[in-house]
Every structure is written in structure tokens, then in C-alpha cells.
A.B. asks: 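Got a structure here, written out as C-alpha cells. Questions coming.
Labels below follow one simple rule: chain letters A, B, ... track the order of the sequence lines, proteins then strands, and each chain is numbered from 1. This structure is a prediction, so every number in the text was calculated from the model and none was measured.
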Number of protein chains: 2
Amino acid sequence: MTPTTAPGTPAEDWLRLDRQICFSLHAASRAFNGVYRVLLKDLGLTYPQYLVMLVLWEHGDLPVKKLGEHLRLDSGTLSPLLKRLEAAGLVRRERSARDERSVEIRLTEDGLALRERALRVPRRIGSATGFDLAEISALRERLDQLTSALDAAALDAGALEDEPGYEGPAEGPGCR
Amino acid sequence: MTPTTAPGTPAEDWLRLDRQICFSLHAASRAFNGVYRVLLKDLGLTYPQYLVMLVLWEHGDLPVKKLGEHLRLDSGTLSPLLKRLEAAGLVRRERSARDERSVEIRLTEDGLALRERALRVPRRIGSATGFDLAEISALRERLDQLTSALDAAALDAGALEDEPGYEGPAEGPGCR
DNA sequence: CACAATTCAGTTGTGCACAACTAAATGGTC
DNA sequence: GACCATTTAGTTGTGCACAACTGAATTGTG
């Protein structure tokens with residue numbers, strides 16, 4: 001099923017290949033999300049809310065800004081999400097006294113206590129993937145590498161223009 | 001930075017590991033999305049709309065049902081998306097004469113013509129990843145494998161309960 | 001034929017991602 | 001102290017994902 005590559009792959013076939021790749025990533029992301037959704041229903045958390053709680057459990061109270069840096073999310077996503085976490089009684093949002101622009105996110109007792117119940121989640125996730133730790137780590141590194149490359153390319157708009165030197169991935173002998 | 005695993009990793013550390021893994025996948029998915037967003041702005045398509053067009057270009061006209069099977073998306077997602085593609089003049093939605101329940105999605109001339117402009121996208125994506133084809137293929141297979149495992153686990157609710165035999169990924173010698 | 005179950009698309013409601021914007025607070029410079 | 005650029009959250013609007021539901025068309029069964 002792996003699309004083997006003839007050196008002279010026509011441009012049309014790249015569309016099919018592209019389909020394979022982006023489908024895979026898109027589908028994997030949603031499948032992962034789906035499993036977390038099932039596991040987190042117990043805890044009353046969505047997947048992104050769980051990500052926020054993981055950061056807070058690990059780093060303690062943080063301003064929205066720092067939270068966003070850890071998660072690569074902006075206030076447009078975090079503000080309403082944090083309000084929902086507050087409504088659920090898991091965090092408090094308090095204006096910083098020193099800097100009134102900043103809002104400190106603090107775990108409540110309930111929020112801290114939830115951590116105990118969350119401890120069971122990672123093992124179940126690991127089980128659901130069917131991967132062992134080495135495989136998961138390898139995949140993670142791969143994904144981080146991909147993310148870095150993509151982020152760099154997105155920032156540098158020129159990198160997304162046609163590169164004369166780039167013949168498509170591995171299209172000819174001696175490529176890369 | 002790879003979290004090496006001592007056999008007796010405490011449950012707390014799994015949360016950190018879990019954080020690593022799900023962040024990576026989440027972030028990679030969004031980074032990918034972001035690059036496509038930049039590239040597709042020219043074509044006037046969002047990333048999911050591009051996925052729909054890829055399927056139509058490859059398979060020709062399809063009913064919504066078939067489209068959803070290819071993309072693993074349901075009508076709740078596809079119906080509004082297809083209306084937007086229709087508003088953009090790229091597809092037509094026509095009730096099937098043979099089965100009035102079914103809606104056939106047909107490419108318009110504009111929709112078909114857009115394919116020519118889309119041919120440049122995959123190469124730019126490949127370039128942006130910095131991966132060669134072999135690496136991309138390997139990653140794709142990995143992700144498909146992951147998706148299958150996760151889908152299976154999500155369907156079989158029992159698979160997400162605690163498994164006595166599952167000690168966490170690769171936690172001991174002779175594990176899996 | 002009648003009727004129940006199924007199939008299919010669409011709608012509604014919730015939540016997330018992100019771009020673009022607003023508004024308040026802060027810090028630096030004159 | 002007055003002014004301006006920057007920082008920080010929040011808001012608004014668009015689009016996607018998905019669960020739950022509706023309603024029409026079809027199919028199977030008696």
C-alpha cells in the first residue's frame with residue numbers, strides 16, 4: 001500500500017501522495033482526540049482542557065500568557081476554555097496585583113484533587129495505542145521534528161514558495 | 001530530552017510523559033494545518049475543504065456518504081462544509097434521482113480547474129516538512145497504525161478500562 | 001399492501017483553533 | 001507629568017469536529 005516512488009512521478013500523483021499524508025495526520029489526530037474524549041468524560045474534561053490541567057499540575061499556578069506559551073495557544077482559545085474550567089470549579093482566575101494586565105490561573109482544591117483521578121489516564125492511553133514506550137518516544141520525536149520544520153516554514157513565508165532546488169521528496173537519484 | 005524510562009516509573013511521571021506525547025501530536029496537527037492554511041489561501045480553500053477536493057479529484061463525483069467514508073467525517077461536518085464549497089462555485093449538490101435520500105456531490109468546471117493550481121501544493125508541503133519521501137512514508141504508516149489501534153480501542157470500550165496485564169508502555173523486561 | 005427498521009442528509013448545540021480587533025495596564029522617553 | 005509603543009486578556013466572527021436529534025426515503029418482513 002505504500003506508494004512506491006518512480007523517479008518520474010508526475011505531478012498528478014503528488015496529489016494522491018499528499019492525500020495519503022495529510023489524511024493520515026488528520027485522522028490520527030482525531031482518533032487520538034476520540035480516545036481521550038472517552039477517557040476524560042469521567043473527569044468532566046475535554047482534551048484541550050486536560051492539556052491545560054496537565055500544565056498546571058506540572059508547573060503550578062501560571063498567568064494565561066505562560067500557559068499559552070506551554071500549549072502554543074493564544075488567548076482567543078484559552079480565555080473561554082479557562083472560563084469553563086472556572087465554571088467547573090477546577091481553577092480560579094485572579095488579576096495579578098503587581099501587573100493588572102495579567103490574569104493568574106490558580107488550581108482550586110478540586111482542581112488539584114482531580115490529578116489523582118487523572119493518574120490512570122496515561123496508562124490507558126498507552127494501552128490503547130498498542131505501542132510500547134520506545135515506539136511512542138520515536139513517534140513523538142518525529143512529530144516534534146515535523147512541528148519545528150512546519151513552524152519555521154510558516155513563519156518564513158518564502159520557504160513556502162516554489163523552491164527551484166526542491167524536486168519533491170526523493171524524486172530523483174541523489175536527492176537530499 | 002527523551003524521557004528515559006526506569007522500570008519503576010511512578011504514576012506521576014506518566015502524566016508528564018503523557019503530556020509530552022499528546023502535546024506533540026496536538027501541536028504537529030495544528031502546525032500542519034497552519035502550513036496548509038497559508039498554502040491554500042491562494043486557492044480559497046481551508047484544509048478540510050482541500051481534503052474534500054482531493055477526494056473528488058481522485059474519485060470523481062460521489063454521494064455525501066461515500067465522501068464521509070473516505071474522510072472519516074459525518075454529515076454534521078460535511079453538510080455545512082459542502083454548502084460553502086457550493087457557494088464558492090466549486091461543487092454542486094444534487095439529489096440522486098434513484099435514491100432521493102442521497103445527495104451527489106459533483107465538481108463544477110471551476111472545481112475541476114482548481115486542480116491545476118492545487119498541483120503545486122504537495123511539493124511545497126514536502127519542502128516545508130524537511131522530510132524526504134521515505135521518512136514521510138514511514139511516518140504515515142506509523143500514524144495509520146496508531147489510528148487503527150485507537151479506533152479499535154475507542155469502539156471496544158472495554159479496551160480502555162484498566163488492563164491488569166498492561167503495566168504501562170515497556171515498563172519492565174519482556175514487556176510486549 | 002402495511003409497517004417497522006434502516007439509511008441518509010441535514011440541523012442544533014457545544015467546544016476548540018485562529019485571525020483580527022478592542023481595551024486596559026505598563027514602561028520608556030521626552 | 002504627557003505621550004506613545006508594547007504587553008496582556010478578552011471579544012467577535014468564521015470554520016471544523018462531533019454528539020444527538022429530526023425527517024424523509026428506502027428496504028425488509030409479514
A.B. asks: Can you check the B:Leu62 CG to C:dA9 C1' distance for me, whole Å?
C.D. replies: 15 Å

A.B. asks: Check whether any side-chain nitrogen or oxygen of A:Lys83 sits under 4.0 Å from OP1 or OP2 of D:dT11, and answer yes or no.
C.D. replies: yes

A.B. asks: In whole Å, I'd like the distance from the CG atom of B:Asn33 to the P atom of D:dT14.
C.D. replies: 19 Å

A.B. asks: For the rings on B:His26 and A:Phe32, is their centre-to-centre separation under 6.0 Å?
C.D. replies: no

A.B. asks: Less than 4.0 angstrom between a side-chain N/O of B:Ser79 and OP1 or OP2 of C:dG10, yes or no?
C.D. replies: yes

A.B. asks: Separation of B:Leu73 atom CG from C:dC8 atom C1', in whole Å?
C.D. replies: 16 Å

A.B. asks: For B:Ile105 and C:dC8, give me the distance from atom CD1 to atom P, rounded to whole Å.
C.D. replies: 14 Å

A.B. asks: Take a 6.0 Å sphere around CZ of A:Arg72 and say whether it holds more than 12 heavy atoms from other residues, nucleotides or ligands.
C.D. replies: no

A.B. asks: Mind calculating the distance between OH (B:Tyr36) and C1' (D:dG15) to the nearest angstrom?
C.D. replies: 18 Å

A.B. asks: Side chain of B:Thr46, base of D:dG15: donor and acceptor closer than 3.5 Å?
C.D. replies: no

A.B. asks: Could you state the atom-to-atom distance from CZ of B:Arg37 to P of D:dG15 in whole Å?
C.D. replies: 12 Å

A.B. asks: Would you mind classifying the nucleic acid contact of B:Leu78 as base, sugar-phosphate or nothing, using non-hydrogen atoms under 4.0 angstrom?
C.D. replies: nothing

A.B. asks: Scan A:Pro63 against the nucleic acid and name what it touches under 4.0 Å (heavy atoms): base, sugar-phosphate only, or nothing.
C.D. replies: sugar-phosphate

A.B. asks: Could you check A:Ala31 against A:Ser75 and say which one's nearest nucleotide on DNA chain D is further toward the 5' end?
C.D. replies: A:Ser75

A.B. asks: Between B:Glu69 (CD) and C:dC8 (C1'), how many Å, whole number?
C.D. replies: 11 Å

A.B. asks: Please check the phosphate of C:dA9 (OP1 and OP2 only) for any side-chain N or O of B:Arg95 closer than 4.0 Å.
C.D. replies: no

A.B. asks: Any protein N or O atoms within reach of nucleotides 26-29 of chain C? Criterion: under 3.5 Å, listing atom names and distances.
C.D. replies:
{"residue": "C:dT26", "atom": "OP1", "partner": "A:Glu100", "partner atom": "N", "Å": "3.2"}

A.B. asks: Using modelled atom types and a 3.5 Å cut-off, is there a donor and acceptor pairing between side-chain atoms of B:Thr147 and backbone atoms of B:Leu143?
C.D. replies: yes

A.B. asks: Which pair of heavy atoms, one from B:Leu67 and one from B:Val55, lies closest together, and at what distance?
C.D. replies: CD1-CG1, 3.5 Å

A.B. asks: Can you tell me how far P of D:dT8 sits from CG of A:Leu82, to the nearest Å?
C.D. replies: 16 Å

A.B. asks: Just compare D:dA19, D:dA17, D:dG10 and give me whichever is closest to any side-chain atom of A:Val64.
C.D. replies: D:dG10

A.B. asks: Any ring-ring contact (aromatic ring centres under 6.0 Å, His included) involving residues 70-117 of chain A? Give me the pairs, sequence neighbours left out, ordered by first then second residue.
C.D. replies: A:His59-A:His70

A.B. asks: Reckon A:Ser102 has a side-chain N or O less than 4.0 Å from the OP1 or OP2 of D:dT7?
C.D. replies: no

A.B. asks: Are a donor atom and an acceptor atom from the side chains of A:Ser29 and B:Ser29 found within less than 3.5 Å of each other?
C.D. replies: yes

A.B. asks: Using every non-hydrogen atom in the two residues, find where B:Arg140 and A:Ser24 come nearest and quote the distance to one decimal.
C.D. replies: CG-OG, 2.9 Å

A.B. asks: Apply the test side-chain contact (heavy atoms from CB on, under 4.5 Å) to residues B:Leu82 and B:Val103: give CA-CA distance (whole Å), side-chain angles for both, the deciding distance (0.1 Å), then the verdict.
C.D. replies: CA-CA 11 Å; B:Leu82 291 169; B:Val103 169; over 6 Å; no

A.B. asks: Here's a test of your reading of the structure: between B:Glu104 and A:Gly76, which maps to the more 5' nucleotide of DNA chain C?
C.D. replies: B:Glu104

